[in-house]
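Fair warning: this is a prediction, and the values are worked out from it, not measured in the lab. Any value given below was found using the heavy atoms of this structure, including those in side chains, with hydrogens, waters and symmetry copies removed.
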Amino acid sequence: MQLVIAEKPSVGRSVASVIGATEKKDGYLEGNGYIVTWCIGHLVQLASPDKYDSKYGTKISEWSFSTLPILPEHWKFVVSSTTKQQFQVIQELMQDSRVDEIICATDAGREGECIFRYVYEKIGCTKPCKRLWISSMEDKAIREGFSNLRPDSDYDNLYAAGLCRAKADWLVGLNSTRLFTCRYGTLLSIGRVQTPTLAMIVQRDYDVKHFVKQKFFTVELDCGTFVASSERIDEEESAKNIAESCSGKTATISEIKKEIKTVNPPKLYDLTTLQREANRQYGYTAQQALDYTQSLYEQKLVTYPRTDSQYLTEDMEQTAADLIQTICNTISCCQGLSIPEPNVKRCINNSKVSDHHAIIPTAEIAHKKLADLPDGERNILNLIAAKLILATADPHRYEATKVSVICENHNFSATGKAILNAGWKAFEIAIKEMLKSNEDTVKSGDEKTLPPLEKGQVFENVTSSVIEHYTSPPKPYTEDTLLKAMETAGNHNYDENADVEKKGLGTPATRAAILETLVKRAYIERKKKQIFPTAKGISLIAVVPDEVKSAQLTADWETQLQEIERGQCNPDDFMHEIISFVSDISGKYNEKAENAAFQAQRTVIGKCPKCGKNVVEWKKSFSCENDKEKCGFIIWKSICNKIISATQTKKLLEKGKTDLIKGFKSKAGNEFDAYLILKDDKTTGFEFPPRKK
């Protein structure tokens, strides 16, 4: 009997229905020679530092420079406390004597492979294992996948890359977080990808706030039937002199250049380009776009979302061609379009498809009542379907004209364009009008045309004017532009249309989670579509050294992880580099440092009754700032369901006793009034008022 392990219950049920495992059991399905069960995300995870040695502790007060760096010699894995029950189900099934083979059916990617292997190895299973590798949850794709199972050992490099990524995140994140928390005396959350991403956001915010606009000028020459402009002129006086010298004079066309230009159709979506467009058009966050697409995938309506490819493979040519007609019959934003013979070959490139091809709809859209989909899922499906239409349409062709004009020995120029074949852009305009998207970048009828002109043509008595311009500041990041920056490690010269390998921060599968983590930890905030750093985020980047926030270094590491996947890089070499990095920073920054930005966030309440240092306010307590000798004095802000204020704490420190505080609540739920006092051992206690007779 074969044991099939999926990544989540919904996927497990879909697989089970196809292979005939229909008998419901506790935590699994059985039938037709199969047992189908599932993980619930990461059932097994890398152990936290305290699981290696109690000296590492879990509380900030237990952290110290002397315990860093933490470099496990033998890595430990633990079962997640929230999903122990399902782990036990899988363990019993793996050890079931009826099971002679395991089939890994988790998501076909780096994380999916790790989810399965962690469980397999934690249990110590040695039974042979095969891999189900599919890019669609359609019944047909699942059946084909089961008929083409491969040894899971074929994906050892994929697992090695995933495990290296997890270990690197653990080593860099935990060591850096503890190191700089100890250094600055306040909790600083630092991550291998998270912190370079935050650094880019902070830098962009700085560039916007400190931008100094510069005035410049152009001279416009009105020739009657068209207007020609000069190049940029920095000095206003020079611009005025040119305008005055040309006003009322004769202008002559010195040259006319005409060129036929082609704008090829856009590529299909990978996850990042889909997330970016979803943000532009609907304001969706990267996580929302991923969640909607994942739901569509599990409903068998689109192919696997966590892909970095924008191409299809040769064997998909007919499938894609058939899909186009289906889209025009079923997808509302594409209905009524007259589609000429699509050129699917333009979307095909086997060399550009590694694990998964581009995201496209599936034939299942013809059998689903799409109007019943939630708005978010329906909007994402519309984008994916429309992109297949655009990607297979004709190129957009136009004639670009540049006219050079001379007047009083000064050079001017005018440009124009005439559409020869609207091609895919005609469909784009029509589709976006039907989508009623928020994006306003696509407009029709705004092409600037020029009248018929000839070289040597003369224009008498032209008029001229000086036009004032200002340089534009950089714009705050949106989720769209930040995802692009993460994809290219902040390289603004990157050509997103070029077919080159992207060396960025994180992967398409992890970037959304990175942004959500930064929001959750209050390092960034969203204001409508724009993303800004918080004061906390700015302070963090101000104190973190360059090597910890380097986008280029993190991108280089990601490149090495990709090479490990392909068998081109030794995992041990990668881990040696990570360990060296962690050891270096632990040695360079292992002493206390003051920083005004963090000190300003802590309000001094009074003097510590144990050591005489300052008692300062933290998020959940009023505590002694002296953690060098580990004074340990603390007054919790919440005592017996009552919030203790800074004013009450100040009086407690000065007098040893507060005024009467009403509304404490015991564990049994009984309310009581009491004075909060400092006991002889400098801990807090209660003094009760005398009972009324």
Side-chain angles (χ1 to χ4, degrees), residues 48 50 54-64 81-82 84 177-178 181-182 184-189 517 519-523 525 534-537 539-540 592 594-693:
S48 55
D50 60 290
S54 59
K55 71 180 181 181
Y56 295 129
T58 57
K59 299 177 182 177
I60 296 176
S61 59
E62 299 172 323
W63 298 355
S64 67
S81 59
T82 59
K84 274 185 178 180
T177 293
R178 291 178 178 229
T181 294
C182 291
Y184 292 104
T186 188
L187 179 61
L188 300 179
S189 175
T517 297
V519 171
K520 181 180 178 181
R521 292 177 179 166
Y523 288 132
E525 59 185 346
T534 62
K536 181 180 176 183
S539 297
L540 171 64
K592 281 279 189 181
E594 295 296 322
N595 183 272
F598 294 130
Q599 297 301 320
Q601 294 173 19
R602 301 200 296 269
T603 302
V604 176
I605 304 300
K607 294 297 180 182
C608 176
K610 289 182 72 174
C611 70
K613 297 284 186 178
N614 289 329
V615 172
V616 295
E617 183 174 3
W618 299 82
K619 185 177 181 180
K620 296 182 179 180
S621 69
F622 302 99
S623 309
C624 181
E625 66 180 355
N626 181 15
D627 65 351
K628 248 182 189 175
E629 287 77 30
K630 303 224 177 285
C631 167
F633 177 76
I634 186 169
I635 300 171
W636 294 106
K637 285 186 174 181
S638 179
I639 299 176
C640 290
N641 264 11
K642 186 70 179 179
I643 300 301
I644 308 304
S645 70
T647 301
Q648 291 166 327
T649 303
K650 187 173 183 180
K651 188 156 192 174
L652 178 63
L653 293 172
E654 291 174 350
K655 307 291 185 182
K657 178 178 175 179
T658 65
D659 293 333
L660 185 67
I661 300 174
K662 296 184 178 183
F664 288 110
K665 187 178 287 187
S666 69
K667 289 183 178 179
N670 300 318
E671 288 196 3
F672 63 93
D673 303 337
Y675 301 94
L676 199 62
I677 63 168
L678 279 178
K679 297 190 293 186
D680 291 342
D681 62 357
K682 307 307 177 188
T683 60
T684 55
F686 295 114
E687 181 181 300
F688 298 97
R691 292 185 177 181
K692 293 181 181 179
K693 293 182 180 179

Quiz item: Which pair of non-hydrogen atoms, one from Ala674 and one from Pro689, has the smallest distance, and what is that distance?
Solution: CA-CD, 4.2 Å
Quiz item: What are the two closest non-hydrogen atoms of Asp50 and Tyr56, and how far apart are they?
Solution: N-CB, 4.2 Å
Quiz item: With a 4.5 Å limit on heavy-atom distance, are the side chains of Phe686 and Leu676 in contact?
Solution: yes
Quiz item: How far apart are the closest heavy atoms of Lys607 and Val615, and which atoms are they?
Solution: C-CG2, 3.9 Å
Quiz item: Is it true that a side-chain atom of Asp681 and a backbone atom of Thr683 form a donor plus acceptor pair closer than 3.5 Å?
Solution: yes
Quiz item: Just how far is it from atom CD of Glu687 to atom CG of Leu678, taken to the nearest 0.5 Å?
Solution: 12.0 Å
Quiz item: In Å, rounded to the nearest 0.5 Å, how long is the span from CD of Glu525 to NZ of Lys536?
Solution: 12.5 Å
Quiz item: Do Ile635 and Leu653 have side chains that get closer than 4.5 Å, going by heavy atoms?
Solution: yes
Exercise. Compare all side-chain heavy atoms of Phe633 with those of Pro609 and state whether any distance is below 4.5 angstrom.
Key: yes
Exercise. Please answer whether the main-chain N or O of Lys662 pairs with a side-chain N or O of Lys642 as donor and acceptor at a distance below 3.5 Å.
Key: yes
Quiz prompt | Separation of Ile60 CD1 from Leu188 CG (nearest 0.5 Å) | solution = 9.0 Å
Exercise. With the side chain counted from C-beta on, respond yes when Ser48 and Thr58 share a heavy-atom pair under 4.5 Å apart, and no when they do not.
Key: no
Quiz prompt | Any Thr684 side-chain heavy atom under 4.5 Å of Leu652 side chain | solution = yes
Quiz item: With distance as the sole test, does Thr658 use its side chain to make a donor-acceptor pair with the main-chain N or O of Gln648 at under 3.5 Å?
Solution: no
Quiz item: Sequence neighbours excluded, which residues qualify as side chain to side chain contact (heavy atoms under 4.5 Å, CB included) partners of Ser621?
Solution: Trp618, Ser623, Ile634, Trp636
Practice problem: Check side-chain hydrogen bond (donor to acceptor under 3.5 Å, both in side chains) between Lys665 and all other residues, then give those that pass, not counting sequence neighbours. | Solution: none
Practice problem: Using atom types as modelled and distance alone, determine if a side-chain donor or acceptor of Tyr523 lies under 3.5 Å from a backbone N or O of Ser189. | Solution: yes
Quiz prompt | Residues forming a salt bridge (charged side-chain N to carboxylate O under 4.0 Å, His left out) with Lys637, sequence neighbours excluded | solution = Glu617
Quiz item: Within the side chain of Lys592, is there an N or O that forms a donor-acceptor pair under 3.5 Å with the backbone of Tyr184?
Solution: no
Quiz prompt | Which atom of Asp659 lies closest to which atom of Tyr675, heavy atoms considered | solution = C-CD2, 3.6 Å
Quiz item: Any idea how Phe672 and Phe664 line up, ring-wise: parallel (<30°), tilted (30 to 60°), or perpendicular (>60°)?
Solution: parallel
Self-check item: Side-chain donor or acceptor of Asp673 paired with backbone N/O of Gly663 under 3.5 Å
Solution: yes
Quiz prompt | From Ser645 atom OG to Phe622 atom CZ, the distance as rounded to the nearest 0.5 Å | solution = 6.5 Å
